[in-house]
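Note on naming: letters A, B, ... go to the chains in the order of the sequence lines (proteins, then strands), and numbering restarts at 1 for each one. All figures in this text were calculated on a predicted structure; none of them were measured in a lab.
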Amino acid sequence: MSEFFHMGGYAFFVWTSYGLAAIVLIANIILPMKRKKEILETLKRRLRRERS
Amino acid sequence: MSEASLSNAFFTILKRDLTLAYRTRTEMVNPLLFFIIVISLFPLAVSPDPVVLRSLAPGVIWVAALLATLLSLDSMFRSDFDDGALEQMLLSVHPVSVLVLGKVLAHWLVTGIPLLLLAPLLAILMHMPSSSVPALMITLALGGPILSLVGAIGVALTVGLRRGGVLLSLLVLPLYIPVLIFAANAVSNAAAGLAIAGQLYFLGALLAMSLTLAPLATAAALRISLR
Amino acid sequence: MWLFYHKLGSPRYFYNLSGKLLPWFGWLTLLLILVGGYWGLVLAPPDYQQGDSYRIIYIHVPAAWMSLFVYIVMASAGAVGLIWKMKMADIVASCSAPLGAAFTFLALVTGSLWGKPMWGTYWVWDARLTSELILLFLYLGFIGLEAAIDDKRTAANACAVLALVGVVNIPIIHYSVEWWNTLHQGSTVTRLDKPAMDINMLIPLLLMWLGFMFYFGTSLFMRARNEVLHRERDTTWVKELVVE
């Protein structure tokens, strides 16, 4: 198993690339989710204010 | 009053811009001074040794010409935008792209030609072999208009912005790269005595393309920015 | 077909449609990338020349391909927005720009990380890496212009023109960089060429490529839906949506 992580001596390069790819890809999913919650929150608050 | 023909409108715009530029001719000198100063920085920064300078010269001169044009681009539409002349131009019956071509031609005559005339002096400054000076002049003659034409698109896109200057360079410099590659290489090949027909053909092709397409894009961009 | 195309123009229809598609795209992306990644990292044989360092290809090549694909999507969406004045197309174009920049950045970094074990330097002025770098500048120019113009409508149109000018210039830039690269070719061929691809190496690459495509769809839909909600916040259907 450790041989797998060793990646034939290139562990640093392979895992940094994959790690960075994971970060970039996941970030571009999490950010829109957070932004959606934010938009809905502000909209709810605005509606509540308009209604009251 | 005779119906103003297209060429008539084109030349009036050209004449108007040239007279305007002539009135503020001290301003015309700025890009040239910038061109000389930037180039003379390199011997101080790198080394005065002629061999080193000779190998650097084509690239340095062309990058300096590129940046000088970039700096002078802003003046193309800025004054007309501020006093509303640009809106008048957009309302004219003639196709805007031809009027834009007139303004770009005026800009090139005001900044491109002086750079061209100054090039031999700088070739001496940078110890360039005399065989490469004609190549430098030809590439500047072919490349200069491309820089103005493509730069006009960037200026038209950023004319409405308060601080469009830095953004202009970010938009336009990537589009200048093909011209820089072929021109700088043509000059260094000429210095080595090699044939440069291929590079000049490519620059000519780029010029033909920019002449036809760039004014259209600039006209569209102007119409958008001034809405 | 035309009815679908025009209905797609209405933000509400797009919002509902993308809402239905999103879970499918999401799970498909996850599946493809996990399978492709596992296959590429574990099952695919090491390259006889580059050993295991070539496995970076499973991120580098799909990302590089996507960076160009997304720019073309951006330019065509911009063109549609410019010609038919379709607000949705503007939203798609402005939402795909950051994604394209992310793919380009990813392609650049993985390219340099792949270059280090092979040539000992992190950056090689290789034709493709250089074109990728210039493409990143084009993306940053697009995002910069969009951020600089306040009015949404003008910003979208100006960026559409810039994207169209950019897409015309991309082949020219790529050709001149290729030509420039062959000119200054060092004695050792420093081409970032793909190693000989036997079938076991090729399939994970296709899986990862497909995974990246669906990933682009997922993230674009999410961003576009947010933008629709934000821009249509005064409409009744958005208010009803929020109340639920």
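Using bins of under 30°, 30° to 60° and over 60° for the plane-to-plane angle, the ring pair C/W65/C/F69 lands in the parallel bin.
For A/R48, no part lies near chain C; criterion is any non-hydrogen pair under 4.5 Å. Looking at A/L47, only its side chain comes within 4.5 Å of chain C, counting heavy atoms on both sides. The part of A/I39 that comes within reach of chain C is its side chain, from C-beta onward, which places non-hydrogen atoms under 4.5 angstrom from that chain. Using a 4.5 Å cut-off between heavy atoms, C/V242 touches chain A through backbone and side chain atoms alike. Residue contact with chain C, scored on non-hydrogen atoms closer than 4.5 Å, is absent for A/L31.
Within residues 217-226 of chain C, the residues approaching chain A closer than 4.5 Å by heavy atoms are, in numerical order, C/T218, C/S219, C/M222, C/R223, C/R225, C/N226. Applying a 4.5 Å heavy-atom cutoff, the residues of residues 27-39 of chain C that approach chain A are C/I33. Within residues 91-106 of chain C, the residues that have a heavy atom under 4.5 Å from a heavy atom of chain A are C/L99, C/A102, C/F103, C/F105, C/L106, listed by number.
Among all heavy-atom pairs drawn from C/S67 and C/E132, the shortest one is OG-OE2, 2.6 Å. In terms of heavy-atom proximity, A/L43 sits nearest to C/R233 at CD1-CB, 3.4 Å. C/R55 and C/G40 get closest at one heavy-atom pair: NH1-O, 2.6 Å. Taking all atoms of both residues into account, the shortest heavy-atom contact from C/P23 to C/G19 is CD-O, 3.2 Å. Heavy atoms only, all atoms of each residue included: C/L241 and C/Y15 are closest at CD2-CE2, 3.4 Å.
Taking the charged nitrogens against the carboxylate oxygens, A/R45 and A/E41 have no contact shorter than 4.0 Å, which rules out a salt bridge. Using a 4.0 Å cut-off between charged nitrogen and carboxylate oxygen, C/K87 and C/D90 do not count as a salt-bridge pair.
Side-chain atoms of C/H60 never come within 3.5 Å of backbone atoms of C/T110 as a donor-acceptor pair (strictly under, hydrogens ignored). Under a 3.5 Å cut-off, the side chain of C/Y58 and the backbone N or O of C/M201 do form a donor-acceptor pair. For the pair C/S10 (side chain) and C/Y13 (backbone), a donor-acceptor distance under 3.5 Å is present. A/Y10 contributes no side-chain N or O that, together with a main-chain N or O of A/W15, makes up a donor-acceptor pair within less than 3.5 Å.
Interface check for chain C: of the options A/L20, A/T16, A/N28, the most heavy-atom pairs under 4.5 Å are formed by A/N28.
At least one side-chain heavy atom of C/E232 sits less than 4.5 Å from a side-chain heavy atom of C/W237. You'll find the side chain of C/S53 reaches within 4.5 Å of the side chain of C/W114, heavy atoms only.
The ring-ring contact (aromatic ring centres under 6.0 Å, His included) test applied to C/Y215 returns no partner, not counting sequence neighbours.
With C/Y122 as the aromatic partner, C/K116 meets the cation-pi criteria of under 6.0 angstrom to the ring centre and within 45 degrees of the ring axis.
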